[in-house]
Trainee: 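Mind having a look at this structure? Questions to follow.
Sequential numbering from 1 along the given sequence is applied to the chain's residues. One-based numbering, in listed order, for ligands and for the atoms of each.
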Amino acid sequence: MGNEKTETGFVSAKDRTSCEATLQMLEKARRDGVTLDLDRGYDMKPCPIGEVSACCKHCYMGPCRLNPKDPYKKVGVCGATIDTIEARNFGRNVAAGSASHNDHGRHILGLFKGIIEGRVKDFKIEDTLKLERVAQSVGIETAGKDVLEVAKELHDELEKTFSNVNGEMPFTKRAPEALREQWRKDGIMPRGAMVEVMEMMSRTHIGCDQDYNSLMKQISRTALADGWGGSMVATELSDIMFGTPSPTLAEVNMGVLKEDHVNIIVHGHEPAMFEGMLAAVYDSFYIEQAKAAGAKGINLVGMCCSGAEMMSRHGIPHAGNFGSTEAIMVTGAVDAMVVDIQCIKQGLVEVARCYDTHLITTNSRAHIEGATHIEFDEMDPRKCTDQVLAKAIARFGSRKMPIEIPKIIQKGIHGFTHEYIEYMLGGTFRGSYTPLNDNIINGRIRGVAGVVGCTNPKVKQDSIHVELVKELIKNDVLVLQTGCSQISLAKAGLLVPEAAPLAGPGLAEVCETVGIPPVLGLGSCVDNTRILIAASAMVKAGGLGNTIADLPAAGCAPEWMSEKALAIGQYFVMSGVYTVFGIGFPAIKDTKFYNLLFDGLEKQGYGKWGTAADPHEIAKMMIAHIDKKRKALGIDKVRERTLVDMSDRRDLAS
Ligand code: NFS
């Protein structure tokens with residue numbers, strides 16, 4: 001079983017995913033005659049012109065399809081060059097990604113305001129210590145003020161993240177001073193998210209900004225308005241309202257579904273609906289209802305980014321990442337999948353129909369044709385969650401589908417934060433980043449890498465994430481993770497302290513001393529901002545340069561697919577991080593725009609982009625960059641790059 005004919009030929013299911021549970025379900029789906037995204041991703045041959053962003057659809061004189069090598073296709077009808085077209089397309093991608101995160105952040109801010117004003121009764125300010133620290137970080141005096149006063153002042157300050165038309169975005173105060181100065185000098189200091197996204201869209205209209213250098217400035221400002229704006233607001237206020245995570249043992253993979261329970265999956269990005277569901281499933285009325293329907297109880301699990309947040313904060317089991325959201329329905333055991341915003345595939349509707357599962361949309365900004373819509377209202381969460389529970393319980397009571405749940409679960413530690421990194425390395429008495437810096441300077445830790453982002457059905461699910469991270473830790477690079485990538489590595493069993501022997505000797509020693517895994521899971525995609533704050537704290541702790549670009553650090557989204565990923569990549573680059581994308585990149589090699597992204601920005605003192613498909617090649621590029629930075633800091637030592645060998649693979653499998 002496994003070699004099935006898809007539209008484009010025979011392809012083994014084993015080539016579509018390295019997640020065993022997803023593989024089992026893909027094979028079952030093929031037997032059942034149901035097509036999943038994992039096969040659609042193989043059958044879809046992308047347009048070769050669109051893939052490298054050489055087409056322009058910004059007006060109706062075209063669409064224009066450019067080929068820089070063909071003298072008759074060098075420019076569009078309006079005369080736009082390949083550099084202008086690539087920059088405009090990239091700018092609109094970044095605008096969409098930044099808008100998504102800022103929209104998320106703005107809604108979290110709205111919930112915070114509802115709590116302050118007493119309109120929202122079902123949520124509260126959970127972490128007052130974090131409230132105080134965050135308020136102080138943006139210059140709010142907290143001494144002698146009560147919680148609500150500080151919260152009100154913080155709300156008013158953070159509102160500027162979205163509404164400012166002039167000035168500087170509040171959270172940029174947390175970046176190293178040298179970097180802020182550079183942003184000011186280069187005219188890319190973000191003002192407010194709404195104005196940045198609006199200006200990005202306006203500049204890319206036909207006949208407006210047609211200089212890729214000038215467009216790059218607005219692209220950068222729009223991206224920085226994500227990382228130091230909406231995403232950071234989402235993370236910090238979510239911690240304040242729902243609790244700051246700390247390391248928690250949690251279960252990951254499809255085996256977290258329980259055949260004898262009512263299974264409800266929450267998949268999406270905004271934590272409020274998930275928190276509301278969590279409160280509702282403990283209601284004894286519904287537990288009794290579930291029992292009356294023949295279930296042993298109600299089993300609430302997460303997927304994708306909101307799943308990663310709930311796992312970090314509350315240890316809620318996580319059923320899988322982006323590449324598994326359709327496959328998990330094939331179990332027949334999902335009584336309801338409840339979704340909110342972002343990364344929700346429309347294909348879920350058809351798979352849900354085939355397996356008699358309720359697919360329930362809950363957010364006014366994300367309806368899906370064919371799904372059931374039950375709107376979530378933060379002021380009255382139970383109105384939505386009670387209906388979801390009733391539907392899921394009724395579906396359990398009348399299950400018709402044969403159930404097949406892959407019996408695969410991995411345990412791992414999740415819920416690291418920049419606060420916890422400071423605490424665990426610095427000790428209880430006085431948290432500090434100095435011990436981390438010291439271990440980098442003495443070479444035990446060679447550098448730090450952020451490996452993040454999506455899975456993409458163009459490639460074998462999880463495979464690049466896992467191979468890359470294994471090679472990085474083997475070379476003493478401490479890996480920080482978020483989002484779907486974190487789930488890939490959790491499924492591979494690397495988010496446990498017992499994985500320390502897979503690391504190089506220096507990193508292994510640090511992990512064993514502190515009792516941490518060599519791979520630290522930080523949460524969802526907006527939680528990439530925890531990496532920005534950690535990097536800024538490393539600069540402030542001293543000994544590793546004046547700005548983030550000086551750090552021996554690199555980032556990667558090896559299986560990226562979304563516009564949000566491009567926005568994240570660009571804000572990391574403009575914060576000083578070398579950022580490598582797998583799969584491919586939407587620009588033609590050696591165009592002026594491409595060279596600016598991949599080289600010119602670094603010459604201006606920022607990070608730069610890189611791209612490669614092979615995980616070992618990516619690791620080589622990241623490690624070479626880390627070594628270059630170590631050399632510039634004068635802390636380099638000659639070391640050989642170590643490749644992951646067969647005995648390492650056996651260690652991992654055992
Ligand atoms: Ni982020 Fe990609 Fe989506 Fe989360 Fe997963 S696909 S860019 S990791 S769920 S946002």
Side-chain angles (χ1 to χ4, degrees), residues 17 19 22 37-38 41 93-94 96-105 108 223 226-227 230-232 234-235 238 252 265-271 273-274 301-312 318-328 337-348 363 365-366 414 450-459 461-462 464-465 469 480-491 521-532 555-572 579-583 586:
T17 177
C19 166
T22 306
D37 54 323
L38 296 165
N93 288 153
V94 167
S98 181
S100 295
H101 284 141
N102 275 292
D103 196 37
H104 172 171
I108 295 284
D226 175 347
S231 281
M232 203 175 277
T235 292
S238 295
V252 170
I265 294 178
V266 181
H267 155 33
H269 283 79
E270 287 187 353
M273 184 267 288
F274 206 151
V301 306
M303 289 193 93
C304 292
C305 270
S306 51
E309 283 198 30
M310 294 301 278
M311 180 171 60
S312 302
H318 195 291
N321 60 18
F322 182 71
S324 305
T325 54
E326 289 190 10
I328 200 163
M337 180 182 274
V338 198
V339 300
D340 55 15
I341 54 162
Q342 299 172 17
C343 304
I344 321 291
K345 297 176 203 120
Q346 188 163 3
L348 291 172
N363 197 291
R365 292 120 80 208
H414 301 262
V451 181
V452 305
C454 333
T455 64
N456 185 330
K458 275 185 175 174
V459 296
Q461 181 196 7
D462 298 336
I464 312 182
H465 290 289
V469 171
L480 308 181
Q481 290 220 276
T482 61
C484 291
S485 185
Q486 178 177 330
I487 304 307
S488 304
L489 270 295
K491 288 188 290 180
L522 272 70
S524 67
C525 243
V526 292
D527 296 335
N528 281 319
T529 57
R530 300 193 199 276
I531 302 178
L532 291 179
C556 182
E559 299 180 24
W560 76 280
M561 61 87 198
S562 74
E563 291 174 308
K564 289 182 293 175
L566 287 173
I568 293 167
Q570 183 68 12
Y571 77 61
F572 269 109
T579 304
V580 185
F581 268 32
I583 309 271

Trainee: What residue and heavy atom of the protein are closest to atom 5 (Fe) of ligand 1, and at what distance?
Mentor: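 Residue, atom and distance for the closest contact: Cys484 SG, 2.3 Å.
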Trainee: Among Gly483, Ser100, Ser562, whose heavy atom sits nearest atom 7 (S) of ligand 1?
Mentor: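 Going through Gly483, Ser100, Ser562 one by one, Ser562 has the nearest heavy atom to atom 7 (S) of ligand 1.
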Trainee: For residues His101 and Asp226, report the shortest heavy-atom separation together with the two atoms involved.
Mentor: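 So the two residues come closest at ND1-OD2, 2.7 Å.
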Trainee: May I ask you to list the atoms of ligand 1 that are less than 4.0 angstrom from any heavy atom of His269?
Mentor: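 Heavy-atom distances to His269 below 4.0 Å select 3 (Fe), 4 (Fe), 9 (S), 10 (S).
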Trainee: When Arg365 is tested against each of Gln342, His104, Glu270 for side chain to side chain donor-acceptor pair (under 3.5 Å), which residue passes?
Mentor: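 One option only clears the test, and that one is Glu270.
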Trainee: Should you measure from each heavy atom of Met561, which atoms of ligand 1 turn up under 4.0 Å away?
Mentor: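 Contacts of ligand 1 toward Met561, numbered from 1: 6 (S).
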Trainee: Report the nearest protein non-hydrogen atom to atom 6 (S) of ligand 1: residue, atom name, distance rounded to 0.1 Å.
Mentor: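 Of every protein heavy atom, Cys454 CB, 3.4 Å lies nearest to atom 6 (S) of ligand 1.
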Trainee: Quick one: does ligand 1 sit under 4.0 Å from the side chain of Gln342, the backbone, both or neither, non-hydrogen atoms only?
Mentor: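 Within the 4.0 Å criterion, Gln342 makes no contact with ligand 1.
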Trainee: Considering the heavy atoms of Cys305, write down every atom of ligand 1 situated less than 4.0 Å from one of them.
Mentor: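 Taking each heavy atom of Cys305 in turn, ligand 1 has 4 (Fe), 8 (S), 9 (S), 10 (S) under 4.0 Å.
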Trainee: Identify, by atom number and element, the atoms of ligand 1 in contact range of Lys564, meaning under 4.0 Å from any of its heavy atoms.
Mentor: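 In order of number, 10 (S).
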Trainee: Would you call the rings of Phe581 and Trp560 parallel, tilted or perpendicular if under 30° counts as parallel and over 60° as perpendicular?
Mentor: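 The rings of Phe581 and Trp560 sit tilted, inter-plane angle from 30° to 60°.
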Trainee: With respect to atom 1 (Ni) of ligand 1, please indicate if Cys525 possesses an N, O or S atom at a distance under 2.8 Å.
Mentor: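 So Cys525 counts as coordinating atom 1 (Ni) of ligand 1, yes.
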Trainee: Does any N, O or S atom in Cys343 come within less than 2.8 Å of atom 3 (Fe) of ligand 1?
Mentor: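 Of the N, O and S atoms in Cys343, at least one lies under 2.8 Å from atom 3 (Fe) of ligand 1, which means yes.
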Trainee: Distance from Ile487 atom CD1 to Cys19 atom SG, nearest 0.5 Å?
Mentor: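 That separation rounds to 11.0 Å.
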Trainee: With a 4.5 Å limit on heavy-atom distance, are the side chains of Met561 and Cys484 in contact?
Mentor: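 Contact flag for Met561/Cys484 side chains = no.
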Trainee: Any side-chain heavy-atom pair from His318 and His414 closer than 4.5 angstrom?
Mentor: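 No, their side chains stay 4.5 Å or more apart.
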Trainee: From the options Asp37, Asn321, Thr455, select the one residue that forms a side chain to side chain donor-acceptor pair (under 3.5 Å) with Gln461.
Mentor: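 Result: among Asp37, Asn321, Thr455, Asn321 is the only option passing the side chain to side chain donor-acceptor pair (under 3.5 Å) with Gln461.
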